[in-house]
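Some notes on the structure that comes next.
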Amino acid sequence: MNNNDLQPREHWTTRLGFILAAAGSAVGLGNIWRFPYVTGTQGGAAFLIIYLIAIIFIGYPVMITEMTLGRKTQRNPVGAFKSLAPKTPWWLVGALGVFTGFVILSYYSVVAGWSLSYIFRAISGFTPDMDFADVFVGHITGVGVPIFWHAVFMILTIGIIASGVVKGIQRAVKTLMPILFVLLFVLIVRALTLEGAAEGLSFYLRPDFGAVTAITFNDAIAQAFFTLSLGMGAIITYGSYLSDQDTIGDNAAWVVGLDTVIAILAGFAIFPAVFALGLTPDAGPGLTFITLPAVFAEMPLGSLFGFLFFLLLSIAALTSAISLLEVVVAWIVDEHGWARKKAAIVLGAIIFLVGIPPVLGYSTWDGFEFLGMDVLDTYDWFANSIFLPLGGLLTAIFAGYVWQARNLQDEANRVEGSINVGAWYGFMIKIVVPIAIAIIMLVGLYQTFTG
Ligand code: PFF
C-alpha cells in the first residue's frame, strides 16, 4: 500500500520556509569546515574563482533541474524518476541518490559529533598552553566519546525528521538559520578587528595560480555539488514539498546565492584570525579542529568565541543532516508506505551503525587503508568523487535528453518569477554540465589512481 493514498503530501507553508530549508541543507560542514581548508590549500582566491565558475555554470542549472523534478512529480528521488520515465531503469539514478544520502549522513554525523563535543571543550576553556593537535587526535582516536557524540547528533536529526516537514524541518530551520547568520556575523567582526587581520585578507583575496593543478578543478566541482546538496536528490526531495505556485528560477538563485555568500563569509571569519595569530591556513581538514582552537586560545574572550564558532558549525551541520535523512525517509515513506516516525527512527539507527566504522578507523581499525585513506575519508571519497558527480551527470542527461530540456523549462516557468529559465538552460544542461562533469571526474579518477 502506498502511504500517499492515506495522507496528503505536506507542503512548505511559506516561500521563506522552503528557501531556508534548502539553504539550510546547502550550508553545512561543506561551507564552514571544508571550503576554508580546501581554499587554504589550493591557492586562496585562485580556487575561489574556479569554484564560483563551477557554482554558476554547473551548480545553478542542476539546482533548477532538481527543484523542478521534485515540484513536478511531488515524489522522492526514486519516485520522481519512475513517474517521468515509467518502466525504464532511470529510477536507479534516484536509488543511487538515496544510497548516497545514507552514506554521507553516516560519516557527516561523526564529524558533526566532533563539533558538538568541541562546544563543550570551549566551555571548559581553550588555553594557550594546550596542544590542540594532541587534543584533536586524542578525541578522534577515542571510541566511546566520539560514538556518544555521533549518537547525540543522530538523535537530534531523527527527532526533527520524525516531526514532519512543516513541524519538524521548517520549524527547525526558521529558528536555526537566523541564529546561524547572527553567529557568523559576530565571528566575522571579531576576526576582522584583530590586529594583523589584513594579512589573512590578502591571502584570501589574492589569487595564487601557482597552487592550481588538475586536482583543483576536480575539487572545485566536487565542492560545488557537495556544498549545494546536489547530485543525490536532496533538492528533488525538498522540491517535492513545493506546491505548483512556487517559482523555480528565483528560489534556486536564492539558495545558490545564500550558500555561496555564506561559504565566502566563513573565509572572512577564519583567514584573518588564523593569520592575525601567526598561524597558517594550509592545515587541511585539521584547520577547524586544530588551528582554530589555537587561534581562539590566543584571543581575548577566546573561549566564548570558540563556543560560538562550534555552535555555528553544529547548527550548520544539523540543518544539512536533516535533509540527508529526509531523502532516505521520503523514499521509504513514498515507495514502501512506512509511517514517517518509524522510518526516521529505523533508518536513522541503521545510519548511526554505518557511521561506526568511520569512528573506529582512527582507533581499533586504524590499519584500514584504501588508496592511502582512512575509513571516514574513504566514505567521503566515494560520495564526493564518484556518487555525487555521477548522480549530477545522470540527472543532467535525464533532464536534457529524456524528459527534455524544453519540457523542464516550461515546467519551471509555469509560475512566473523575476528569473526566467531561458534557452540558456537547455545549452547548459545538455552540453556544458555533462561534458564538464565527465571530463573532470575522469581526470580526477586518473590522478587519484596514478598518484
Ligand atoms: N551541503 C552540505 C554541506 O555543505 O555541508 C552537505 C550535504 C547536505 C550534501 C545534503 C548533500 C546533501 F544532500
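By convention here, the first residue in the shown sequence is residue 1. Atoms within a ligand are numbered from 1 in the order they appear, just like the ligands themselves.
In this structure, the ring of W114 has its center no less than 6.0 angstrom from the ring center of Y118.
For the pair R15 and F18, the NZ or CZ position fails the cation-pi test of under 6.0 Å to the six-membered ring centre and within 45 degrees of the ring normal.
For the pair R34 and D219, the salt-bridge criterion is not met [side-chain N within less than 4.0 Å of a carboxylate O].
Of the candidates F226, F35, F217, F35 is the only one forming a ring-ring contact (aromatic ring centres under 6.0 Å, His included) with Y51.
Using the six-membered ring where Trp is involved, F296 and F309 have ring planes that are tilted, between 30° and 60° apart.
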For ligand 1, which of its N or O atoms have a protein N or O partner closer than 3.5 Å, and how long is each gap?
residue  : atom  : partner : partner atom : Å
ligand 1 : 1 (N) : S25     : O            : 3.1
ligand 1 : 1 (N) : A26     : O            : 3.0
ligand 1 : 1 (N) : F226    : O            : 2.8
ligand 1 : 1 (N) : T227    : O            : 3.2
ligand 1 : 1 (N) : S229    : OG           : 3.1
ligand 1 : 4 (O) : A26     : O            : 3.0
ligand 1 : 4 (O) : G30     : N            : 3.3
ligand 1 : 4 (O) : N31     : OD1          : 3.4
ligand 1 : 5 (O) : L29     : N            : 3.0
ligand 1 : 5 (O) : G30     : N            : 2.7
ligand 1 : 5 (O) : Y108    : OH           : 2.5

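Scored by the salt bridge (charged side-chain N to carboxylate O under 4.0 Å, His left out) test, D374 finds no partners at all (sequence neighbours excluded).
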